[in-house]
Structure formats: C-alpha cells, structure tokens
Amino acid sequence: SGENMNRPDDFVSINLHLTERCDMSCRACFAHYGRGAELGADDWHRCLSVIDEETAAISRRKVNFVGGEPTLFLFLGDLIADAKGRGFTTGIVTNGRTIDERFLDENAGALDVIGVSVDSASVETNRLLGRSVRGEAWGGGDYSRLSRAIHSRGYFLKLNTVVSSLNCQEDFSRFIADAAPDKWKVMQCLVVQGQNDRAAAIATSDDEFRGFVSRHSSVTCMSVETAESMRGSYVMIDPRGRPYGNAGGKVAYGEPVWEAGLLFQLDGLGYSDRKARERGADRF
C-alpha cells in the first residue's frame, strides 16, 4: 500500500448494494439508483470471488450486504454464507421489518453483524419520515423487541440513526438503554446530488446535529458521523456490480468489479482510507 496511501492495508469494509428494492420509502435515503437492472446471485458470487482475491493480504475484512432492503434479495443467505466461508466478517443493514425468528436462526452461523435502521422511537415521526410499510410504522417498543431477539442469538447489534430536521429534537436515551445495541451509529442527514435530492428538505444544520449529539453524550456506544465525514469514506458497490463514490457531493461510477477489480478503482472514485478510519469504520 506504500504507492497508494488511499488503499486499505489492514482493514477494509465493503458495502454491496444488492438491490434498490425496498418496502419503505424513507425521505433521507440515498439508495435510489433509478430503478435499473440488478445482478443475479451468480454475478454477486463472482464479485465476492474477485474481492476475496484482491483483499487476501488485508487482515480484517468485512462485507456488508445492504440495499435498498437486502432481505428482499432472494439469495441473501447464500451470499452471506459465501462471504463467511471466505473469511470475511459479515453484516447486513436492514429496516428490520422482515427480520423474524426464522431469518435469525437460519443465518446464525454465518452472519456476524445486524444493523437496524431506527430513525425515531415515535410511530408518528417514523410515518412522517416514510419509515413505514404500507402506512404502518414501528415505535421504540417494536425496535426494542427486535433488538432483544437479535441479541439472544449472539449477533453484534448495530443501530443506525439518520438525524434530520424531523427527529433532531428527540431524546433517544431511554430507547437506546432499552435496546442495548453494541454500537449506535448517529449520522447527519447527507444530501448527494442526483441520488436523494429530496432529503434536502429535511437536512439538519451542523448546529442541530451537534445539539443532538451533545444531548446523547452519556451514551457510550454512540459513534458519530457528520455529513462531511461520510463523503468519500465508504467502499460501495451498486446493484449492477459497479463501485461508486460520493466524494464530490454527487455520484461517480466505476466499471463492474469482475472486469476492472475493486481496489484499483477506489482512488478514481475519491475514496479515502484515512476518512474511513476517522469515522470508526474499522470498529464494525
């Protein structure tokens, strides 16, 4: 990695956006790709194989299966097992609504980390945010029950909260104490041109975000990501198998991983290994 300071050497976390389909339409979400084609299972296995080969010298490697809603991808379990078999730490990021006892039991050996997106403990706020399925939104109690089910099977539980103008005045302290995540990732609403322009209407000011963070300063599992810290600090692959980046405030795409590899494309997409570490990416 000497010739390329941006290339990860002892840690890498790669987000595979398996699908853009989702049963929710959250206003801050930037996983809207224009509803294009998505890869089938065979192509994703091929992607994993190339990534495995390229990152073999990296000691700690994590693959996150994300979306859209990754549990809507039919072959998610097979991909998790494949990644685990290759020695990756495995994770998903989900809205939680499709996670049931069966899913938790079936993936218990192969899946390490379950990240659940929770933007409010209030049913009404979740509805306003678009975090609902057919108009039905969850509240704190529902998310706490899910958290207990996840914990009971030994998974590492991460809760992800996007702070917007609709929830920046909320106090999550009691909910977080109840759900007891291993990590609570608090992210400032990030607007990426051409991807989630409508999120601009609910974006927070830096002051509002700082206010939310300081209100929860006693929460020891909190990990904070400002909008600026997220730009260019994620390794992401879109549903067509192309690495992409948002470093310039809008999206840039590379070539499919099985044609051009992954690591050599990261520089051109503005990825910064230093920024990834600074925001705590290497701590699950």
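Side chains included, hydrogens not; waters and symmetry mates left out as well; all remaining heavy atoms used.
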Are [X] and [Y] close enough that a side-chain donor and a side-chain acceptor fall under 3.5 Å?
X: Glu225; Y: Tyr234; result: yes
X: Asn160; Y: Ser117; result: no
X: Glu170; Y: Ser122; result: no
X: Trp184; Y: Thr161; result: yes

[X] side chain near [Y] side chain, heavy-atom distance below 4.5 Å:
X: Ile51; Y: Ile237; answer: yes
X: Asn64; Y: Ser13; answer: yes
X: Met236; Y: Tyr271; answer: no
X: Phe175; Y: Leu159; answer: yes
X: Phe172; Y: Val186; answer: no
X: Leu262; Y: Ile14; answer: yes
X: Val219; Y: Cys221; answer: yes
X: Ile80; Y: Leu76; answer: yes

Do [Y] and [X] meet the salt-bridge criterion of a basic N to acidic O distance under 4.0 Å?
X: Asp207; Y: Arg210; result: yes
X: Asp82; Y: Arg86; result: yes
X: Lys84; Y: Asp112; result: yes
X: Arg21; Y: Glu69; result: no
X: Asp52; Y: Arg61; result: yes
X: Asp273; Y: Arg277; result: yes

Keeping [X] on the side-chain end and [Y] on the backbone end, is there a donor-acceptor pair under 3.5 Å?
X: Ser217; Y: Ser214; result: yes
X: Glu54; Y: Leu263; result: yes
X: Glu136; Y: Val133; result: no
X: Arg60; Y: Val12; result: no
X: Asp100; Y: Phe103; result: yes
X: Asp105; Y: Arg102; result: no
X: Lys275; Y: Arg231; result: yes
X: Thr226; Y: Ser229; result: yes

Check your understanding: Between Phe212 and His216, is the ring centre distance below 6.0 Å?
Key -> yes
Review point. Are the aromatic rings of His17 and Phe65 close, with centres under 6.0 Å apart?
Key: no
Would you compute the distance between atom [atom1] of [X] and atom [atom2] of [Y] and round it to the nearest 0.5 angstrom?
X: His151; Y: Phe156; atom1: NE2; atom2: CZ; result: 9.0 Å
X: Asn167; Y: Ser120; atom1: CG; atom2: OG; result: 6.5 Å
X: Asp119; Y: Leu129; atom1: CG; atom2: CG; result: 5.5 Å
X: Trp258; Y: Arg242; atom1: CH2; atom2: CZ; result: 10.0 Å
X: Cys22; Y: Glu20; atom1: SG; atom2: CD; result: 11.0 Å
X: Met230; Y: Gln188; atom1: CE; atom2: CD; result: 6.5 Å

Looking at [X] and [Y], what are the two nearest heavy atoms and their distance?
X: Ala276; Y: Ser233; value: CB-O, 3.4 Å
X: Thr204; Y: Phe209; value: OG1-CB, 4.2 Å
X: Arg131; Y: Asn95; value: NH1-CB, 3.8 Å
X: Arg97; Y: Ser132; value: NH1-CA, 4.4 Å

**Study point:** Cation-aromatic face contact Arg148/Tyr143, 6.0 Å, 45 degrees
**Key:** no
Would [X] and [Y] show up in the same hydrophobic cluster when neighbours are defined by side-chain heavy atoms closer than 4.5 Å?
X: Leu269; Y: Val251; result: no
X: Trp138; Y: Ile92; result: yes
X: Tyr155; Y: Phe88; result: yes
X: Val66; Y: Leu74; result: no

Exercise for review: Taking side chain to side chain donor-acceptor pair (under 3.5 Å) as the test, write out the residues that go with Thr98, two or more places apart.
Suggested key: Thr71
Review point. Listed by chain and number, what are the side chain to side chain donor-acceptor pair (under 3.5 Å) partners of Arg127, not counting sequence neighbours?
Key: Glu124
**Study point:** Within 6.0 Å of CZ in Arg153, more than 12 heavy atoms from elsewhere
**Key:** yes
